[in-house]
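Notes for the one structure printed next.
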Amino acid sequence: MATLRQLEYLVTVVDTGSFTRAAERLHVTQPALSHQIRALERSVGGPLLERLPRAVRLTPTGRAVLPHARAALAEAERLRSAAARAAGLDEGELEVATVYSVSIGPLPAVLRSWREQYPGVRIRLREYPHAERLQAAMAAGEADLAVGPTPAGWEGPVRELGVEEFVVVLPAGELVTGPVRLAGLAERDWVHYAPGNGLAEVLDQACAKAGFQPRIAVRTEQTAAAPLLAAAGLGPALVPANTLPPGFDGTVLHPQPPVRRTLTAYTRTRPDRLTTAFAELLAREIRVGRTPA
């Protein structure tokens, strides 16, 4: 059976591109490294690496094994970190997964507060463009806690954080006040999002409820770019209100009827003490509204 040390040796050889450099990084002799790689190859039933004159190359079996080796090493690191947290140590690493709009909106202030309270706990932030990809990453064990829209059919603990409000952004020169009906913007060309961005679905669904399909002036991959493009005059944009930068000079209007989505924090199993503490900090400090009665 493959050992974590052997998997670490394989990954290091691939990352450095050389048995010699890998042995130096691992502080082992090259013969010892080669011996462990051969033992791993016997375990999996075939060669993993091909030695070239100035490099190494993965065999087809090696290419199949490498992602699993990386995943096993990452899971082992999470296990060590979780054990440290469970022991009550104020150190380790907490992996937080979220969607792009939350990472540039309400999350930075929470992370600042966390850093002040737990300076010894590192935060590794994993960001995804769509809530479905966020949920899939959490199900695959890629993070300790997720922050994003309510997950569909999630079997683990889910904690509601509040409701995220969306606003319509227009150029600063447009003198419009009060709420705006999306149907009144049906003839405009919109700043839209790339299809893989979950906010594209939010915009399409909101416009569909208003009785039209938005015409597209431009699509952007970057959530933070949408309000800037709208303020520059390319067309209206629908954005989470908490993503607007300080001093934003575009015209910001509340759509009527309102466009909202609930944000949650969720985990796979009962969270440990530090993960629970992070979820509680989120609930206290995240800057979104509460669910309307």
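These values consider heavy atoms only, across backbone and side chains, with no hydrogens, waters or symmetry-generated copies. Note that the structure is predicted; figures quoted are calculated from it, not measured.
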Is the closest basic N to carboxylate O distance between [X] and [Y] below 4.0 Å?
X: D15; Y: R70; answer: yes
X: E187; Y: R215; answer: yes
X: R38; Y: E41; answer: no
X: E95; Y: R126; answer: yes

If you count heavy atoms of other groups shown closer than 6.0 angstrom to CD of Q117, is the number above 12?
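Atom CD in Q117 is packed in, count exceeds 12.
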More than 12 heavy atoms of other residues, nucleotides or ligands under 6.0 Å from CD of E50: yes or no?
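Atom CD in E50 is crowded, with more than 12 foreign heavy atoms closer than 6.0 Å.
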Report the C-alpha distance between L111 and F278 in whole Å, list the side-chain angles of each, state the deciding distance to 0.1 Å, and finish with yes or no for side-chain contact (heavy atoms from CB on, under 4.5 Å).
CA-CA 9 Å; L111 293 177; F278 189 86; 3.9 Å; yes
What's the separation between atom [atom1] in [X] and atom [atom2] in [Y], rounded to the nearest 0.5 Å?
X: N242; Y: F166; atom1: CG; atom2: CZ; result: 8.5 Å
X: T12; Y: E24; atom1: OG1; atom2: CD; result: 12.5 Å
X: L161; Y: E285; atom1: CG; atom2: CD; result: 12.5 Å
X: E155; Y: T269; atom1: CD; atom2: OG1; result: 12.5 Å
X: L238; Y: H192; atom1: CG; atom2: NE2; result: 9.5 Å
X: E165; Y: R260; atom1: CD; atom2: CZ; result: 4.0 Å

Determine yes or no for a side-chain-to-main-chain donor-acceptor pair under 3.5 angstrom, with [X] supplying the side chain and [Y] the backbone.
X: T275; Y: P271; value: no
X: W154; Y: T267; value: yes
X: S43; Y: A2; value: yes
X: T264; Y: G148; value: yes
X: R124; Y: V96; value: no

Any non-hydrogen side-chain atom of [X] less than 4.5 Å from a side-chain atom of [Y]?
X: L145; Y: L282; result: yes
X: P151; Y: V158; result: yes
X: L107; Y: I286; result: no
X: V99; Y: P129; result: no
X: W114; Y: V121; result: yes
X: P157; Y: Y266; result: no
X: I123; Y: Y118; result: no
X: L134; Y: V147; result: no

Between [X] and [Y], what is the shortest heavy-atom contact and its length?
X: P214; Y: C207; value: CD-CB, 3.7 Å
X: V191; Y: A230; value: CG2-N, 3.9 Å
X: A23; Y: L33; value: N-CD2, 3.7 Å
X: A69; Y: L10; value: CB-CD2, 4.4 Å
X: A200; Y: A194; value: CB-O, 3.7 Å
X: A76; Y: L4; value: CB-CD1, 3.8 Å

Starting from the C-alpha separation in whole Å, work towards a yes-or-no answer on side-chain contact (heavy atoms from CB on, under 4.5 Å) for T3 and Q6.
CA-CA 5 Å; T3 66; Q6 290 168 351; 3.2 Å; yes
Please tell me whether [X] and [Y] are part of a single hydrophobic cluster in this structure, the criterion being side-chain heavy atoms less than 4.5 Å apart.
X: Y193; Y: L170; result: yes
X: L7; Y: Y9; result: yes
X: V202; Y: L185; result: yes
X: L229; Y: L203; result: no
X: L199; Y: L228; result: yes

Is it true that [Y] and [X] share a donor-acceptor pair across their side chains at a distance under 3.5 Å?
X: S34; Y: R51; value: yes
X: E201; Y: H130; value: yes
X: Y128; Y: E142; value: yes
X: R261; Y: S101; value: yes
X: Q30; Y: T20; value: yes

Apply side-chain contact (heavy atoms from CB on, under 4.5 Å) to the pair I37 and F19, showing each step before the final yes or no.
CA-CA 10 Å; I37 293 295; F19 274 79; 4.0 Å; yes
Name all residues meeting the side chain to side chain donor-acceptor pair (under 3.5 Å) criterion together with T223; count only those two or more places apart in sequence or in a different chain, and write none if there are none.
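If we apply the side chain to side chain donor-acceptor pair (under 3.5 Å) test to T223, skipping adjacent residues, the hits are N197.
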Pick out which of L253, T243, L244 makes a side-chain contact (heavy atoms from CB on, under 4.5 Å) with V167.
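The passing option is L244.
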For residues 59-68, which side-chain N or O atoms pair as donor and acceptor with protein atoms under 3.5 Å away, sequence neighbours left out?
from: T59; atom 1: OG1; to: P47; atom 2: O; distance (Å): 2.6
from: T59; atom 1: OG1; to: L48; atom 2: O; distance (Å): 3.3
from: T59; atom 1: OG1; to: T61; atom 2: N; distance (Å): 3.4
from: T59; atom 1: OG1; to: G62; atom 2: N; distance (Å): 3.1
from: R63; atom 1: NH1; to: L58; atom 2: O; distance (Å): 3.1

Begin with the C-alpha distance, continue with both residues' side-chain angles, and end with the deciding distance and a verdict on salt bridge (Lys or Arg N to Asp or Glu O under 4.0 Å) for E8 and R5.
CA-CA 5 Å; E8 180 185 16; R5 182 179 295 275; 5.3 Å; no
Would you please test T251 and V169 for side-chain contact (heavy atoms from CB on, under 4.5 Å) and show each step?
CA-CA 6 Å; T251 298; V169 175; over 6 Å; no
